[in-house]
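A short worksheet on the structure shown next.
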Amino acid sequence: LYFGLFYVSLALAVLAKGPVAVVIALGALLLFWLIDLDGSRLLSPKTAAAELKSVLSRYHVGLGAILFVAIAAYAAMSDLETRRVTNTTNSLLLGSGLLLQLSVAGPFGLATGLAGVFCGLAILLVPFSRRWVGGGDVKFLAAAGAGLGVVGILYAALIGLALGGVWAVALMARRTELRKEVTANLGRAAISLSAPKVERRKNEEVIPLVVPLACAVVMMLIGGGVR
């Protein structure tokens, strides 16, 4: 029964849009945490709280990490639906990342977080100057650097950009005109030995880059922790 409710919640999260989808998905994950291994009963609040505390302690996370992941997920949903991430969202992500660093390493963590911000900002500055990515993408990666630090944000950027590249290839495979335009741009770039400058495209032709970047950021936070 409880596993059934869990899968129904996930289905509703997929069908829903915007912040509602995020809330439903988080509720589904909470339900999954409360289900006993045999799926026959819910864990008591005391047992569930103890288990959750153990997991959070194991991965060196707390309130800062929970806020960090939640805001990153919201940013991804926003970019997926509107192809835009607001400055407010990125500012909240930056703040939660610094809070995470402070809770893990104190004042030294703040220095690590700020270094990660500048590193994340530097990674996408050149692509932004050529209009390959949007300003929201640059700000998101910079804000995410606050939570991951220099090493973590470098890995997250590599993984996220690789995932975004796969998405772009799939999109070009479906859109003939876009594929021809990209091929022509690459040909001109090879001849002139310079990076092409891309004009602004329609939303349906733009990769919501924050989605793969957010996935990579969460992967690094869980797998590698704060650095």
Side-chain angles (χ1 to χ4, degrees), residues 22 25-26 29 33 52-80 83-130 132-168 207-227:
V22 177
L26 291 176
L29 291 175
W33 272 110
L52 181 59
K53 182 178 179 180
S54 173
V55 172
L56 294 178
S57 175
R58 187 189 314 159
Y59 290 110
H60 307 288
V61 298
L63 177 60
I66 294 173
L67 288 174
F68 186 77
V69 172
I71 297 170
Y74 177 79
M77 292 294 299
S78 176
D79 197 33
L80 182 62
R83 299 300 192 271
R84 184 172 179 267
V85 180
T86 65
N87 290 333
T88 301
T89 301
N90 284 325
S91 298
L92 290 173
L93 183 66
L94 173 65
S96 63
L98 293 177
L99 176 62
L100 172 60
Q101 291 283 358
L102 182 63
S103 65
V104 172
F108 178 76
L110 288 178
T112 301
L114 291 175
V117 170
F118 287 110
C119 181
L121 180 65
I123 291 173
L124 291 181
L125 276 183
V126 173
F128 173 70
S129 68
R130 307 307 299 178
W132 296 351
V133 299
D137 303 328
V138 179
K139 295 172 186 176
F140 174 84
L141 196 62
L148 295 184
V150 174
V151 177
I153 199 61
L154 283 173
Y155 280 112
L158 288 174
I159 296 171
L161 291 175
L163 293 175
V166 173
W167 195 333
I207 300 298
L209 189 58
V210 169
V211 175
L213 286 177
C215 291
V217 165
V218 174
M219 288 169 57
M220 285 305 304
L221 181 66
I222 295 176
V226 178
R227 297 169 184 247

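All values below come from the heavy atoms of this structure, side chains included, with hydrogens, waters and symmetry mates left out.
Scanning all heavy atoms of the two residues, the minimum distance from Ala216 to Gly160 falls at CB-N, 3.5 Å. Contact record, Ala143 with Leu93: CB-CD2, 3.8 Å, taken as the closest heavy-atom pair. When all heavy atoms of Asn90 and Gly136 are compared, the pair lying nearest together is ND2-O, 3.7 Å. Residues Pro208 and Trp167 approach most closely at CG-CH2, 3.4 Å, considering heavy atoms. The two residues Pro107 and Leu102 come nearest to each other via the heavy atoms N-CD1, 4.1 Å. Between Ile159 and Met220, the closest heavy-atom pair is CD1-SD, 4.3 Å.
To the nearest 0.5 Å, atoms CG (Leu121) and CD1 (Ile153) are separated by 11.0 Å. Annotation: the span from Thr88 atom OG1 to Ile71 atom CD1 amounts to 11.0 Å, rounded to 0.5 Å. Taking CD1 from Ile66 and OG from Ser96, the interatomic distance works out to 11.5 Å, rounded to the nearest 0.5 Å. Here Tyr74 contributes atom OH and Thr86 contributes atom OG1; the two are 6.5 Å apart, rounded to the nearest 0.5 Å. One distance of note links CG of Leu158 with CG of Leu163; it measures 11.0 Å at 0.5 Å rounding. Rounded to the nearest 0.5 Å, atoms OG (Ser103) and CG (Leu98) are 10.5 Å apart.
Looking at Leu67 and Leu100, their side chains never come closer than 4.5 Å, going by heavy atoms from C-beta outward. Taking the side chain as every heavy atom from C-beta outward, Asp137 and Asp79 approach each other to under 4.5 Å. Put simply, the side chain of Thr112 does not reach to within 4.5 Å of the side chain of Val150, judged on heavy atoms. Between Val85 and Lys139 the shortest side-chain heavy-atom distance does not fall below 4.5 Å. At a threshold of 4.5 Å between non-hydrogen side-chain atoms, the residues Leu209 and Phe140 do not count as touching.
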request  = Verify side-chain contact (heavy atoms from CB on, under 4.5 Å) between Ile123 and Leu154, making sure each step is shown before the conclusion.
outcome  = CA-CA 8 Å; Ile123 291 173; Leu154 283 173; 3.9 Å; yes
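For the pair Ser78 (side chain) and Ala75 (backbone), a donor-acceptor distance under 3.5 Å is absent.
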